[in-house]
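In this text the structure is predicted, and so the values were computed from the model without any measurement. Computed over heavy atoms, backbone and side chain alike; hydrogens, waters and symmetry mates excluded. Note that the numbering runs from 1 along the sequence shown for the chain.
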Amino acid sequence: MDGLTTTYFARYERHTSHIGTGKTVLNTAEDRQEKIVDLLREELFLDLRTLTKRFQISVATARRDLVELEEAGLLRRTHGGAVSISQVSYDPTNAARAVSQKAEKKAIAEVAAAMIADGDVVLLDAGTTALEVAKLLVGRKGLTFITNGADIIAELIRHDASSVYAVGGEFAEINRSFRGPLAEHFIRQFNVDKLILNAASIDLGRGLIFTGSPVNASVQKAMIEVSNRTIVVADHSKFTKSSFSVTAKIEDVGAIVTDAGARAIIDTVPEKLRRKFVIAS
């Protein structure tokens, strides 16, 4: 338990009894709230229904607990529940992303690649999940590729893709991408059928998709502008983080492909947004 949590609960004693059904009765709100914080260290997401059943409390009480814990800086409320605090103020390195959630990214890539039709012009955003999509598409005939990802360009050329346009601009080693005003200008010259877009994080409560920096967001916005359909690829870890720059509203993209680890969070959002999600099994 970190110092903030310890300070918040230091003046209270635990009085806990367990029931055979797996439910927990806690004698004080402070006991219950401490347990909620502990649970969020293990779970990606806790929804209101789970809290009411587990602690035998009303929805109003559960909401009040989450409000108080958010005010104490111990969690972040989202639609229908809460996630742990995990503020992403910087982009992880490309090497770090490459080894993270590898199986999930491959499953997501298979679903996203199946959404591409023969003859499509495909714009691939720089990133490790989009790279997995590129690996699956490179053998397909009749596709035209545009990308700002150095590793994606190398993958397409290595496998003799017939039509590849490489986005120029300032090279950023952190995610192996070309970005900046030159990249935006280049992208706006095209009419794209499908965009494979990466996301640093997704906030379901506010319905927003984020990336790590304003310069990345500007390039991604240009990509969305020229694309007829935007397909966001994001593994479940992206739903428990917060990032610096807004790229788009969820309602403005065509689909968000994710893995089964995000199902509990997605199930809590309104039907209008839930229809946007495709879960790769």
Side-chain angles (χ1 to χ4, degrees), residues 94-95 97-169 171-172 175-179 183-184 186-200 202 209 211 216 219-236 238 247-248 252-260 262 276-281:
N94 195 69
R97 284 193 295 267
V99 297
S100 173
Q101 315 293 342
K102 290 181 70 173
E104 290 86 347
K105 288 176 181 178
K106 288 181 181 297
I108 290 167
E110 289 181 3
V111 172
M115 295 180 177
I116 305 302
D118 290 344
D120 274 349
V121 176
V122 184
L123 176 53
L124 295 155
D125 182 24
T128 54
T129 308
L131 175 59
E132 294 299 324
V133 178
K135 290 176 181 178
L136 296 174
L137 294 178
V138 70
R140 300 257 303 265
K141 295 187 181 297
L143 296 179
T144 298
F145 298 99
I146 307 165
T147 183
N148 68 327
D151 293 334
I152 297 174
I153 293 167
E155 179 72 17
L156 295 172
I157 293 173
R158 182 165 55 249
H159 290 89
D160 299 320
S162 60
S163 183
V164 180
Y165 292 83
V167 175
F171 179 68
N175 67 341
R176 308 276 298 162
S177 74
F178 294 94
R179 59 190 190 180
E184 294 173 40
F186 186 91
I187 289 164
R188 288 194 171 97
Q189 309 311 303
F190 295 93
N191 178 25
V192 174
D193 294 303
K194 309 281 174 56
L195 163 64
I196 303 297
L197 187 75
N198 292 285
I202 298 175
I209 299 166
T211 189
N216 285 345
V219 171
Q220 289 187 330
K221 287 174 181 177
M223 290 178 169
I224 293 170
E225 286 174 16
V226 302
S227 301
N228 290 316
R229 181 173 172 81
T230 298
I231 302 166
V232 178
V233 287
D235 67 75
H236 65 269
K238 305 300 175 65
T247 296
D252 292 336
V253 304
I256 300 174
V257 184
T258 187
D259 61 272
K276 297 282 185 180
F277 289 88
V278 179
I279 297 182
S281 56

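Between atom CD1 of residue I153 and atom CG of residue L156 there is a gap of 8.0 Å, rounded to the nearest 0.5 Å. Rounding to the nearest 0.5 Å places CE of M223 at 9.0 Å from CG of N198. Taking CG of N191 as the reference point, atom CD of Q189 lies at 12.0 Å (rounded to 0.5 Å). Atom CG of L137 and atom CD of E155 lie 10.5 Å apart (nearest 0.5 Å). Interatomic distance, I256 CD1 to I209 CD1, rounded to the nearest 0.5 Å: 4.5 Å. With rounding to the nearest 0.5 Å, the separation of NZ in K276 from OG1 in T230 is 9.5 Å.
Each of N148, T211, V167 was checked for a side chain to side chain contact (heavy atoms under 4.5 Å, CB included) with V219, and the lone residue meeting it is N148. Checked options V232, T258, V111; the residue passing with V278 is V111 (criterion: side chain to side chain contact (heavy atoms under 4.5 Å, CB included)).
For D120, the salt bridge (charged side-chain N to carboxylate O under 4.0 Å, His left out) partners two or more places apart in sequence, or in a different chain, are K194. Partners of F171 according to the ring pair (Phe, Tyr, Trp, His ring centres under 6.0 Å) rule, which considers only residues two or more places apart in sequence or in another chain, are F178. Partners of T247 according to the side-chain hydrogen bond (donor to acceptor under 3.5 Å, both in side chains) rule, which considers only residues two or more places apart in sequence or in another chain, are Q220. Considering only residues two or more places apart in sequence or on other chains, V192 meets the side chain to side chain contact (heavy atoms under 4.5 Å, CB included) condition with V121, L123, I146, F190, V226, S227. In this structure E132 satisfies the salt bridge (charged side-chain N to carboxylate O under 4.0 Å, His left out) test together with K106, K135, sequence neighbours excluded. For D118, the salt bridge (charged side-chain N to carboxylate O under 4.0 Å, His left out) criterion is met by R140, not counting sequence neighbours. Residues passing the salt bridge (charged side-chain N to carboxylate O under 4.0 Å, His left out) test with E225 are R188, sequence neighbours excluded. Here L136 pairs with A109, E110, A113 under the side chain to side chain contact (heavy atoms under 4.5 Å, CB included) rule; sequence neighbours left out. Residues satisfying the side chain to side chain contact (heavy atoms under 4.5 Å, CB included) test with S163, not counting sequence neighbours, are T144, Y165.
Contact between A255 and R229 at its shortest, heavy atoms only, is CB-NH2, 3.6 Å. Heavy atoms only, all atoms of each residue included: A126 and G149 are closest at CB-CA, 3.5 Å. Between I279 and D259, the shortest heavy-atom distance links the atoms CG2-C, 3.7 Å. For the pair A248 and I224, the tightest heavy-atom approach, listed with the atom from each and the gap, is CB-CD1, 3.7 Å. The nearest pair of heavy atoms linking V233 to A130 is CG2-N, 4.4 Å. Shortest non-hydrogen contact noted between A112 and V133 is CB-CG2, 4.1 Å.
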Q: List the steps, then state whether side-chain contact (heavy atoms from CB on, under 4.5 Å) holds for I116 with D193.
A: CA-CA 9 Å; I116 305 302; D193 294 303; over 6 Å; no
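Between I152 and F145, the closest side-chain pair of non-hydrogen atoms is not below 4.5 Å.
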